[in-house]
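Have a look at the structure below, then the notes.
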Amino acid sequence: MSQITQSAVHCINPDCQRPYPQPWGNKFCNSCGAPLQLLDRYWTLQPLSSGGFAQIYTVWDERTQTEKVLKVLIENSAKALELFTQEADVLRSFQHPGVPKVEADGYFQINLVSPKPRQLACLVMEKINGQTLEEVLRNYPQGCPEDLVIKWSMQAVQILQELHKRQIIHRDIKPSNLMLRDSLLLTPYQENQLVLIDFGGAKQFTGAILRVNSPSTRLFSSGYSPPEQVLGGNVGPAADFYALGRTMIQLLTGKYPPELEDPVTGELNWRKWRNVEPKLAELIDEMVQEDVRSRPAHAAVIYKRLQKLLPPSPTSIITQIGTVTNQASSSLNQQVNHISQDIEQAVMELAQFVGRTTLFTVQAIVSAILACLATIWAMILSFIFAVIGTIGGFYLAYYTNLGDRVVEFIWTQLPQIVPENQPRLAAEIIIYAMAGLGTGWGLTLSGCFGQKRRFLIASLTGLVSYSLGWVVWQFITPKNTVEGLIVWMLLSVSLLTLGLGMRTHHLVYACMTALGSAIILSGLVRLGLPAPIFHFSSQPSWFDLLLPIAFFGFIGILISLCLGLSYYLIVPWLRWLGWR
């Protein structure tokens, strides 16, 4: 976390006279006495937005070491509490990548005493990093590309299909409630995951909507909600289709839907503002029909019609690898989550039969096993991507023009580090740089040490740290010694670790990881392991790459091992001593 979030937190009491800043570590607000650490787990960092009945905050989850979103109900009415509770129930019962995740204990209430007694309903949910489609639309004042609108709509329809299966309607679909997750793991032919947010108006419905006369809560968004919802009548899945259709029109034309209505007839004349595929226009016109029975009956029908409009995506090795990687990663994450849930359930059942001492021992063993598994997973990924980076760097250095340009630059700018009779020695810096990039990417992809998922920053830091370490190594005399190798490790590993985005104790992680890796390597050299110092000839073969692959892969394993020891042992011990 940043320095400000380490030293200050925010009070969520809407009546507090001085909600910010509150000292980090205080359990209660100095101004109003409200609790600052919620459920002994969440620290409120800063307000994000406010609107309607609720105030939105960013919170830090001590248990998962991640940022999340806290929604606090500030409207003190029974109806607002009913809608807020309804939103919490929907999100807790629904697990889908297109909907913000809420844990079972994500909804709770806290009691306030000052300046007046009251209860605050709170809802903690997954933080979605990205832009809403309303924000994306600002980059397309004349309307978004047709293929993008189709792809976004297909994802939205898939989310609605899952909601409607559970007899839930959203009732508030519009561009500002549709977000695109940020992701640096996308291949050229993948799209960001669409997420449907703000379930404050979500509602259960029955299968006999058109035959039931009991009215719904009069909750609607002007310009998007269908007539039956605006008038407070009964609504069903067709209401979501109407709102999605109007949202598609706005995305295609760049205009707020009411601006496209004929002032006399009220008809929505949007086609003159944008020429689109006729079948797409027909589908949208059906979705925004005033008569409920004239709209598509099911989400699956809309999805199939949209799918036919989408041109086939080109296939390539990169696409296939990305698809397989995402599927494998998703499957692995699900299995890890299931295993963690099963283990937690087993521990809870065991607590009923054994004493506190035994329970503590079991929890410690389970935590140690999970820590070992996480560290091993990080070691595997860092090894794999370090090897990939090394191979890529070798290819760039010796089989493309990039190697010649780097050699020429270093030879002219820093001639003292490259002997005149060995100009190709400078091409090694590309291999070091790409190995560092791969190592940083692999460690970030593992996400095992609570670090921020900053793929670009981590990769660039790895690239710079390894190449800078190589340059410093060339000035160490005598050359090609174990001492020079150790200096390279201390500099490169510490800088790479600083770029991983660890939440706290950045210098501790950097120092312990660099020192630990260097000590282990020097110890192995003293035990007889040959020092992995290598140089390439002017025209090396691929066989000459085996030693660099083993070296950089082993360094990636050492970094992951030392990070695991620091994250699971050293830093918790420092926190226990009070070092914040």
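For clarity, every value in this text was computed on a predicted model and none was experimentally measured.
Listed by first and then second residue, the ring pair (Phe, Tyr, Trp, His ring centres under 6.0 Å) pairs involving residues 126-146 amount to none (not counting sequence neighbours).
Applying the side-chain contact (heavy atoms from CB on, under 4.5 Å) criterion to Leu163, with sequence neighbours excluded, gives Phe94, Ile159, Leu160, Ile168, Leu196, Phe199.
Salt bridge status for Lys71 with Asp198: present, with a side-chain N to carboxylate O gap under 4.0 Å. A salt bridge links Glu103 with Lys68: at least one charged nitrogen is closer than 4.0 Å to a carboxylate oxygen. Here Glu228 pairs with Arg295 in a salt bridge; the nearest charged N to carboxylate O distance falls below 4.0 Å.
Put simply, the side chain of Arg41 reaches to within 4.5 Å of the side chain of Asp105, judged on heavy atoms. Residues Leu244 and His170 form no side-chain contact, since every pair of their non-hydrogen atoms from C-beta on lies 4.5 Å or further apart.
For the 3.5 Å distance criterion, the side chains of Ser221 and Asp172 qualify, holding a donor opposite an acceptor. Residues Trp43 and Glu62 have side chains that bring a donor and an acceptor to within less than 3.5 angstrom of each other. Counted by atom type alone, Asp182 and Asn129 present zero donor-acceptor pairs between their side chains at under 3.5 Å.
Side-chain rings of Trp441 and Phe455 approach one another, their centers coming within less than 6.0 Å. Checked against the 6.0 Å centroid criterion, the rings of Phe241 and His164 qualify as a close aromatic pair.
Atom-to-atom distance recorded for Tyr57:OH and Leu48:CG is 10.0 Å, nearest 0.5 angstrom.
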I'd like a table of donor-acceptor pairs (distance under 3.5 Å, sequence neighbours excluded) in which one partner is a side-chain atom from residues 267-284, with atom names and distances.
unit_1 : atom_1 : unit_2 : atom_2 : d
Trp270 : NE1    : Asp285 : OD1    : 2.9
Arg271 : NE     : Asp285 : OD2    : 3.1
Arg271 : NH2    : Asp285 : OD2    : 2.6
Arg274 : NH1    : Cys144 : O      : 3.0
Arg274 : NH1    : Leu252 : O      : 2.5
Arg274 : NH2    : Cys144 : O      : 3.1

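The main-chain N or O of Gly556 is found under 3.5 Å from a side-chain atom of Ser382 such that the two form a donor-acceptor pair. The backbone N or O of Ser222 lies less than 3.5 Å from no partner atom in the side chain of Ser225, so there is not a single donor-acceptor pair.
The shortest non-hydrogen separation linking Cys122 to Ile12 is SG-CD1, 4.1 Å.
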